[in-house]
Amino acid sequence: MIEDISPAATWEAVQGDPDTYLVDVRTPMEWAQVGVPDLSGAGKEVVRDSWQLPPVGEINPDFIATLEKAGIGKTARIYFICRSGMRSMAAAHAAYEAGYHNVFNVADGFEGPEDATGRRGRLAGWQASRLPCMQG
């Protein structure tokens, strides 16, 4: 079973262990328009590896290969993040099945659920936790 980890605990883990990675599985459009976690304070960069490809949302056939190209070893701790935690959970399961057994899902993702006005980024998730982020 893949464990949900809070954004704050994810940030703490990424800062404290050189063999820990944050993999953002959203699309390039989301990275550009909404932003990405900023790991520069931890001396790292987010690994960008889309789980689904636009425009129809097909599963990225190169997903695991991109993890390998990023130099992520099978024993590394990998935290997967998406908009709300759904795609990242699917990506974490795929990585687990590929032999990456220290995988976690960032609970509520980057933007979290919609509030009463339909806006994201205010109730839960990386943004609402006021963790470092930058425009993508």
Side-chain angles (χ1 to χ4, degrees):
M1 182 167 168
I2 308 298
E3 188 177 353
D4 279 325
I5 304 294
S6 74
T10 299
W11 172 240
E12 190 173 309
V14 169
Q15 290 183 89
D17 182 356
D19 200 28
T20 298
Y21 298 84
L22 180 61
V23 178
D24 192 326
V25 303
R26 296 174 298 149
T27 64
M29 183 183 302
E30 289 172 292
W31 300 326
Q33 292 181 354
V34 181
V36 294
D38 181 4
L39 304 183
S40 62
K44 297 182 178 184
E45 290 185 24
V46 171
V47 175
R48 299 179 192 200
D49 188 6
S50 296
W51 171 244
Q52 293 176 297
L53 301 174
V56 294
E58 69 180 285
I59 302 302
N60 179 359
D62 298 321
F63 182 76
I64 298 300
T66 301
L67 297 177
E68 293 167 353
K69 287 178 189 171
I72 302 175
K74 300 280 180 154
T75 60
R77 294 173 61 87
I78 309 170
Y79 294 79
F80 291 93
I81 191 169
C82 66
R83 179 182 70 184
S84 61
M86 300 296 288
R87 284 175 286 174
S88 53
M89 182 59 87
H93 279 286
Y96 186 88
E97 290 175 14
Y100 294 91
H101 292 166
N102 293 314
V103 296
F104 306 90
N105 184 53
V106 180
D108 296 309
F110 188 72
E111 295 179 75
E114 293 180 348
D115 67 12
T117 67
R119 296 182 76 180
R120 295 181 183 273
R122 297 176 179 197
L123 298 179
W126 191 274
Q127 288 179 317
S129 297
R130 301 197 183 277
L131 293 168
C133 42
M134 62 184 180
Q135 281 307 115

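Quick caveat: nothing in here was measured; it's all calculated off a predicted structure.
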Between Gln127 and Val34, does the side-chain contact (heavy atoms from CB on, under 4.5 Å) criterion hold? Intermediate values first, please.
CA-CA 10 Å; Gln127 288 179 317; Val34 181; 4.0 Å; yes
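Follow the hydrophobic side-chain contacts under 4.5 Å out from Phe104 and you reach Leu131 in the same cluster. Under the 4.5 Å side-chain contact rule for hydrophobic residues, Val106 and Met89 do not share a cluster. The cluster map of Ile, Leu, Val, Met, Phe, Trp and Tyr, joined by side-chain heavy atoms under 4.5 Å apart, puts Trp126 and Val23 in different clusters. Note: the hydrophobic cluster containing Tyr96 also contains Val47 (ILVMFWY, side chain heavy atoms under 4.5 Å, direct or indirect links).
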Please list every donor-acceptor pair under 3.5 Å in which a side-chain atom of residues 63-79 meets a protein atom from a residue at least two apart or in another chain.
residue: Thr66; atom: OG1; partner: Asp62; partner atom: O; Å: 3.0
residue: Lys74; atom: NZ; partner: Ala98; partner atom: O; Å: 2.4
residue: Arg77; atom: NH2; partner: Tyr79; partner atom: OH; Å: 2.9

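Remark: Met134 CE is packed, more than 12 non-hydrogen atoms of other residues, nucleotides or ligands lying under 6.0 Å away.
In this structure, Lys44 contributes its side chain and Leu22 its backbone to no donor-acceptor pair below 3.5 Å. Between the Gln135 side chain and the Ala32 main chain, a donor and an acceptor come within less than 3.5 Å of each other. One N or O on the side chain of Ser6 and one on the backbone of Ala9 form a donor-acceptor pair closer than 3.5 Å. The closest donor-acceptor contact from the side chain of Asn105 to the backbone of Gly85 lies under 3.5 Å. The backbone N or O of Ala107 lies less than 3.5 Å from no partner atom in the side chain of Asp4, so there is not a single donor-acceptor pair. Within the 3.5 Å criterion, the main-chain N or O of Gly112 finds a donor-acceptor partner in the side chain of Arg120. For Glu30 (side chain) and Thr27 (main-chain N/O), a donor-acceptor pair under 3.5 Å exists by modelled atom type.
With rounding to the nearest 0.5 angstrom, the CZ atom of Arg119 is 11.5 Å from the CD atom of Glu114. In this structure, His93 NE2 and Phe80 CZ are separated by 11.0 Å, a value rounded to the nearest 0.5 Å. Taken from CD1 in Ile59 to OG in Ser50, the straight-line distance is 11.0 Å, to the nearest 0.5 Å. Distance SG/Cys82 to CH2/Trp51: 11.5 Å, rounded to 0.5 Å. Once rounded to the nearest 0.5 Å, the distance linking CD1 of Ile5 with CG of Asp108 reads 12.5 Å. Separating the CD atom in Glu45 from the CG atom in Leu39 is a distance of 8.5 Å, to the nearest 0.5 Å.
For Asp49 against Asn60, the heavy-atom pair with the smallest separation is OD1-ND2, 3.6 Å. When all heavy atoms of Phe110 and Arg26 are compared, the pair lying nearest together is CD2-NH1, 3.5 Å. The two residues Ala92 and Val103 make their nearest non-hydrogen contact at O-CG2, 3.6 Å. Smallest separation of non-hydrogen atoms from Val46 and Pro37: CG2-O, 3.2 Å.
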